[in-house]
Amino acid sequence: FTTNGTERMRIDSAGRVTTPYQPAFSAYASNQSQTSWGDGANYAMPLTSSIFMRGGCSLGSNAVTVPTTGLYHVTVRFESVTTSYNIRAGSIRLTHNGVDIRPAPSSDTWNAENFVGWSNHHYTWCTHYLVQASANDYFGAKTWIYHNGGTPTVGYQCGIQGHLIG
C-alpha cells in the first residue's frame, strides 16, 4: 500500500504485515556521569543519541517528539555503570510534555535493597508505559536516587524506546 508513491504498508505472500512508516524511536545517552547526586534528587536524563527515529519521530532537547496522535508503548531504562557510594533505592519515570508520569495511579516503581545499599555495583531500572499522546507531544525520562549520605558520583547509561500501537 502506498500514499503519494511512498510505501506505507506491505503484506507479503505469507501474510506478514510491515509498516515502514509507523512511528517508532530509540534514543539513549551512554557513558554519562552525574557528580554530587543529592539524596532523593531527580535528574532529567540527557537523551543525546538515537539508534533510530522512524515515521517522523525526532530527537532534540533531551526528548523525543512524536508526529502522530495515538496510543504509544514507551519503555524507559536506567543502568548504573559505577557508583562511588551506597545507593539504597532508585526509580526512573517517563515524562510526557515535561510532566512526570507514574506507571499506575498513586504508585511508583521503586527498586530498593533491604540491606545497607549498593556500592560499585551495576543495577538496572526499567518501566513500561502506555500513553495517549497527540501529534508533536514529547517524551523524556527522569531518575531518582536515594543513598546513604555523602555526594555520590554515578556513572550511567539510559534509554527510551517506543512506538505507536494504535
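Count residues from 1 along the sequence.
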(request) With side chain to side chain contact (heavy atoms under 4.5 Å, CB included) as the test, would you mind laying out the steps for R16 and I11 before giving the verdict? (result) CA-CA 5 Å; R16 294 178 292 240; I11 304 173; over 6 Å; no

(request) List for me each residue that meets salt bridge (charged side-chain N to carboxylate O under 4.0 Å, His left out) alongside R54, sequence neighbours excluded, and say none if there are none. (result) none

(message) Give me the atom names and distance for the closest heavy-atom approach of P46 to N62.
(response) CA-OD1, 3.2 Å

(message) Nearest 0.5 Å, please: how far is CD1 in I92 from NZ in K142?
(response) 12.0 Å

(message) Through direct or indirect side-chain contacts below 4.5 angstrom among Ile, Leu, Val, Met, Phe, Trp and Tyr, which residues connect to V99?
(response) none

(message) Test your reading of the model: is there a side-chain donor-acceptor pair from Y129 to the backbone of L94, 3.5 Å cut-off?
(response) yes

(request) Any chance you could measure E79, atom CD, to R77, atom CZ, to the nearest 0.5 Å? (result) 6.0 Å

(request) Output yes when a side-chain donor or acceptor of N97 lies under 3.5 Å from a complementary backbone atom of D137, and no otherwise. (result) no

(request) Compare all side-chain heavy atoms of I51 with those of Y28 and state whether any distance is below 4.5 angstrom. (result) yes

(request) Measure from the side-chain N and O atoms of S50 to the backbone N and O of S26, and report whether any donor-acceptor pair falls under 3.5 Å. (result) no

(message) If we ignore hydrogens and angles and just use 3.5 Å, is the side chain of Q157 paired with the main-chain N or O of F78 as donor and acceptor?
(response) no

(message) Using 0.5 Å steps for rounding, measure from the CG atom of L164 to the CD atom of Q22.
(response) 4.5 Å

(request) Kindly indicate whether the side chain of P20, heavy atoms from C-beta on, has any atom under 4.5 Å from the side chain of R10. (result) no

(message) Side-chain heavy atoms under 4.5 Å apart, restricted to Ile/Leu/Val/Met/Phe/Trp/Tyr: what other residues fall into the cluster of I165, or is it alone?
(response) L71, L130

(request) Taking all heavy atoms of F25 and all of C57, pick out the closest pair and write down the distance. (result) CD2-SG, 3.9 Å

(message) Once rounded to the nearest 0.5 Å, what's the spacing between atom OG1 of T3 and atom OH of Y21?
(response) 10.5 Å

(message) Using the rule that Ile, Leu, Val, Met, Phe, Trp and Tyr join whenever any side-chain heavy atoms are under 4.5 Å apart, tell me whether V64 and V74 fall into a single cluster.
(response) yes

(message) On a heavy-atom basis, which atom in D100 and which in R93 lie closest, and how many Å separate them?
(response) OD2-NH1, 3.8 Å

(request) Would you mind reporting whether L47 and C158 have side-chain heavy atoms less than 4.5 Å apart? (result) yes

(message) Please report the interatomic distance OG1(T75) to NE2(H73), rounded to the nearest 0.5 Å.
(response) 4.0 Å

(message) As an exercise, state the distance from CG of L59 to CD1 of I160, rounded to the nearest 0.5 Å.
(response) 9.5 Å

(request) Search all heavy atoms of F139 against all heavy atoms of A133 and return the closest pair with its distance. (result) CZ-CB, 3.9 Å

(message) Using every non-hydrogen atom in the two residues, find where Y72 and P23 come nearest and quote the distance to one decimal.
(response) OH-CB, 4.1 Å

(request) Check A27 against M53 and note the closest heavy-atom contact, atom names and distance. (result) CB-CE, 3.9 Å

(message) Can you confirm whether M45 sits close enough to T143 that some side-chain heavy atom of one is under 4.5 Å from a side-chain heavy atom of the other?
(response) yes

(message) Whether the side chain of T69 engages the backbone of A135 through a donor-acceptor N/O pair (distance < 3.5 Å, no angle test) should be reported.
(response) yes

